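Input: a single structure, listed below in structure tokens.
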Amino acid sequence: MEFTAEKIARITGGEITGDPGVKVYTVARIEEGSKGALSFLANPKYTQYLYTTHSSVVLVDKNFQPEQEVRATLIRVKDAYVAIAKILEVYNMEKFDKKGISSMARVSENARIGKNVYIGDMAFIGDGVTIGDNTMIFPLAHIGDGTTVGKNCRIFQGVKLYDNMVVGNDCTLHAGVVVGSDGFGFAPQSDNHYKKITQIGNVVIEDDVEIGANTTIDRATIGSTIIRKGVKLDNLIQIAHNVEIGENTVIAAQSGIAGSTKIGRNCMIAAQVGIVGHIKIGDNAKIAAQSGISSDVKDNSIVFGSPAFDHSKYRKAYVHFRNLDQIVRRINDMETKLKNLEGENS
Amino acid sequence: MEFTAEKIARITGGEITGDPGVKVYTVARIEEGSKGALSFLANPKYTQYLYTTHSSVVLVDKNFQPEQEVRATLIRVKDAYVAIAKILEVYNMEKFDKKGISSMARVSENARIGKNVYIGDMAFIGDGVTIGDNTMIFPLAHIGDGTTVGKNCRIFQGVKLYDNMVVGNDCTLHAGVVVGSDGFGFAPQSDNHYKKITQIGNVVIEDDVEIGANTTIDRATIGSTIIRKGVKLDNLIQIAHNVEIGENTVIAAQSGIAGSTKIGRNCMIAAQVGIVGHIKIGDNAKIAAQSGISSDVKDNSIVFGSPAFDHSKYRKAYVHFRNLDQIVRRINDMETKLKNLEGENS
Amino acid sequence: MEFTAEKIARITGGEITGDPGVKVYTVARIEEGSKGALSFLANPKYTQYLYTTHSSVVLVDKNFQPEQEVRATLIRVKDAYVAIAKILEVYNMEKFDKKGISSMARVSENARIGKNVYIGDMAFIGDGVTIGDNTMIFPLAHIGDGTTVGKNCRIFQGVKLYDNMVVGNDCTLHAGVVVGSDGFGFAPQSDNHYKKITQIGNVVIEDDVEIGANTTIDRATIGSTIIRKGVKLDNLIQIAHNVEIGENTVIAAQSGIAGSTKIGRNCMIAAQVGIVGHIKIGDNAKIAAQSGISSDVKDNSIVFGSPAFDHSKYRKAYVHFRNLDQIVRRINDMETKLKNLEGENS
């Protein structure tokens, strides 16, 4: 990133007070800024830091009037928060301006590659692969035979897609993601060993999905494991075979969904949650962190615990759990008193 | 996959009703089938779908008589379920028919490579490596110096084996698996910093083991971390240094086993379980999901909870936990009544 | 590893009894040793194995006198335990003696590479990268544009550093580690879909840090996710955006820290712990395995549970939890007795 104050003013439609030629190379919080940093002041609570910041350029609101001397170059904009977002968008577009196919990649002759595609060094693009326009395949990524990746996707370094997977448009798969490993299906034999159940399905990832680093999604036994439009998965999540995750559901890090479970739309599943196989989570459900879900969850429920139940009941029960030692002492007391009363009455 | 109805009939010894030339490219459930799909009807409950399915070919039992018109080409076989399994086996054999060593791989001159081996693009085969017959090393996999991989193995894309590891015959390691990272061993020093304890052991994986995507297995400090014959590990599992896992034990996703713990044979360990170090889990033990195991578990036990104990006792205790609010109200009531009785008796 | 008894005696300053030319290729426990192995006898409890071991060479203490015949070549040293450590150090130095830049790596022309650096096959070194002296980048690792790696680091196979990351000196990153994936930040929109919040910060890893296999560390939204000097992270850990981990804190496998949480110095966080975002964990805190931390933890605290509280109170409460069935039976009994008493008194 290298922006002059002048370029920033041009992008944001702002007015400069100070040196238009000063350059910034990074964005920093106003209280942590150093030379070469761009900061912004959107919250009046932070105004004090404007007078001490070492940042080179600070975006402020149009009508802001400093009450002390300011070292930084100021750029007055309509809305400092919106302006910084614009700058970041431009920065990201410029950052991700890589194009072309590396001669150090292995691209199958019969792969269909769209326009404006980037394929990095040592990337593997198998037979019969389709890559949509403007998609970026970073170095050391693996796109297995027959897999389709849509438009405007970013498949980061070291992502591993197996054969015959389907990824929609506008998807981001972070480093180390695995899509299409075999489902965990084994049939026990009489001699205690297990026979593998052949897994021949695939994974279908719809549009606008983001998948975090080192998350794993297994192929279906038959048919497809499905990640619907707008789903956001954090890092190190496990999605088993034949799972379906509904539109716009978000799942935080290290959660796991066992085989054939269907999750509704707009759910919020916190971190380190475990969900057993073959159940149904309703739409708009919320599941608290570290919960264990062992049966169906209704639409709009909020659940907590392992096994999980209604979250406010869980919290109430847990308060008592914390007090169990005192509760047991009360029971001991009562037993003594009861014995005394029985003695008196006998 | 590209099979004509004729080829399917030949493989399965079936009889065709319909077009012997129709082609199928995938397998689908009968209720979800589309043109070009192969389905099967084994369960009479699904018979209704036979008349509406869009699948091109359907395998049915020998004596099946349709009661309505059927669009699909039918193949009558002795047992539709067995037949589909046969087809899948043939499909998988043909699918994994890759052979030869890519010129874009790096294969050490002194590596010993068996017959019929596949080594994919950008794979790394270090010095002194041995690869057995019919084994497939997929693109971007890393086989460290001195490591041995047996016969008929599939080492998928992006697997990372460190130096001097041992993998038996008929093993499958899914994408992103790491075998041989250092054990987590550090000696605390007086100034609060930690000194690394050198880890020089390895990992020995016996025959017929399957390891899921992004699972990690640490090398032993000295000696070997051992995964016995027939063990099946799901995705994102952590196996620490010097652990030993007994024959035919299965472990579900995201579980972790700490250092030096020994796990028996034929155990079933569910997902997201944590097991502390230096303990012993007996043969045939079953551990429920999300349990935390902090001490030895006897042969044939079933345990649940964190810390875990007998699973039926846990379930009973948990029922009371859910009712704690009501239990405390009963205690409150009794205290009031006791006070009243004491007042009366005084 | 290939050491003669003579070389071992030279390194350790020991005296040989037996064949100085015998060679060892590995280190093994004395009770498990086989031909070609080096063992040591430091604990008198294990003396019995000296007479039966198949190890070729055994290190023993200076004054040790065997009471039976010994097959192995003995080397008498001042302290057998210290001696084995010395051997292992030499072994490790020799093992990691790789040097030079592979012609099969992709190294940007404008990367600055220090002295004595090793860059393995198919490694990716982006534009503007800096690599310090004596650092080893193993095959198939990815060092993104603008990233700095210090001196004496080992970046193992398949590590994926994004752009603009900073790694200090003397760091070890194990296979499959991801540093710099986007933080999990999405703004909910009125139509239930989520808009990505651009993540432009980075990750700063200070000196002497070790990071376990397949662990993921997200970049900061703005500013830096910071891993302080001496931190040790185990495998499969999730560190979210803008987290800061204090000096010499150790975290065991599969734990996760949510966004913006600050962790103090010298903490010990056990395995499978979850810590919510935006809280503060004090210095020297200890967190038991599988705990869930939902609010600040004070300096020197020891906590347990999900949600966690004081660990000795947790253990006490959990003992009662295990007995809840019996406790409820006591309550039932008392209710009956009370009813009887009330009947008598009415």
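Protein chains get the first letters and strands the later ones, always in sequence-line order, with residue 1 at the start of each. For the numbers below, each heavy atom of this structure counts, side chains included, while hydrogens, waters and symmetry mates do not. Everything numeric here is computed off the predicted structure, so don't read it as measured data.
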Neighbour count above 12 (heavy atom, 6.0 Å) for [X] [atom1]:
X	atom1	result
Lys262(B)	NZ	yes
Tyr46(C)	OH	no
Met268(C)	CE	no
Lys196(B)	NZ	yes

If I measure from the heavy atoms of chain B, does [X] come under 4.5 Å with its side chain, its backbone, both, or neither?
X	answer
Tyr25(C)	neither
Ile251(C)	backbone
Asp234(C)	both
Leu233(C)	backbone
Tyr318(C)	side chain
Gln157(C)	both
Leu140(C)	side chain
Gln326(C)	neither
Ala28(C)	backbone
Met122(C)	side chain
Asp170(C)	neither
Asn323(C)	neither

Compare all side-chain heavy atoms of [X] with those of [Y] and state whether any distance is below 4.5 angstrom.
X	Y	answer
His142(B)	Asp121(C)	no
Asn192(B)	Arg265(C)	no
Phe156(C)	Ser181(B)	no
Leu324(B)	Leu324(C)	yes
Glu210(C)	Tyr194(B)	no
Gln272(C)	Gln272(B)	no

Angle class for the Tyr162(B)/His174(C) ring planes (parallel below 30°, perpendicular above 60°, tilted otherwise)?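 Taking His174(C) first and then Tyr162(B), their aromatic rings sit tilted (interplane angle of 30° to 60°).
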Check whether [X] gets within reach of chain C through its side chain, its backbone, both or neither, counting any heavy atom under 4.5 Å.
X	answer
Pro307(B)	both
Phe124(B)	both
Val273(B)	backbone
Leu161(B)	backbone
Asp127(B)	neither
Lys316(B)	side chain
Thr221(B)	neither

Among Arg29(C), Lys232(C), Lys229(C), Glu32(C), which residue forms the greatest number of heavy-atom pairs with chain B at distances under 4.5 Å?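 Option with the top pair count is Lys232(C).
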Among Asn266(C), Val231(C), Ile84(C), Asp208(C), residue most engaged with chain B (heavy-atom pairs, under 4.5 Å):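 Max contact count across the listed options: Asn266(C).
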Say you draw a straight line from [atom1] of [X] to [atom2] of [Y]; how long is it, rounded to the nearest 0.5 Å?
X	Y	atom1	atom2	value
Ile331(C)	Asp333(B)	CD1	CG	11.5 Å
Gln254(C)	Gln238(B)	CD	CD	6.0 Å
Leu341(C)	Leu338(B)	CG	CG	8.0 Å
Glu342(C)	Glu344(B)	CD	CD	8.0 Å

Chain C: which of Ser255(B), Ala258(B), Gly305(B) shares the most heavy-atom pairs with it under 4.5 Å?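 Most pairs with chain C among the choices: Ser255(B).
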Heavy-atom pair of closest approach, residues Phe321(C) and Ala317(B):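 Phe321(C) and Ala317(B) have their closest heavy atoms at O-CB, 3.3 Å.
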Going by atom types only, do Asp325(C) and His320(B) share a side-chain donor-acceptor pair under 3.5 Å? yes
Applying side chain to side chain contact (heavy atoms under 4.5 Å, CB included) between Asn235(C) and each of Asp182(B), Thr216(B), Leu236(B), Val178(B), report the one that passes.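 For Asn235(C), the side chain to side chain contact (heavy atoms under 4.5 Å, CB included) check succeeds only for Thr216(B).
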Determine, for Asp145(B) against Lys98(C), whether the closest basic-nitrogen to carboxylate-oxygen distance falls under 4.0 angstrom.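 Judged by the 4.0 Å cut-off on N to carboxylate O distance, Asp145(B) and Lys98(C) do form a salt bridge.
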Judged by atom type as modelled, is there a donor-acceptor pair below 3.5 Å linking the side chain of Asn214(C) to the main-chain atoms of Asn214(B)? yes
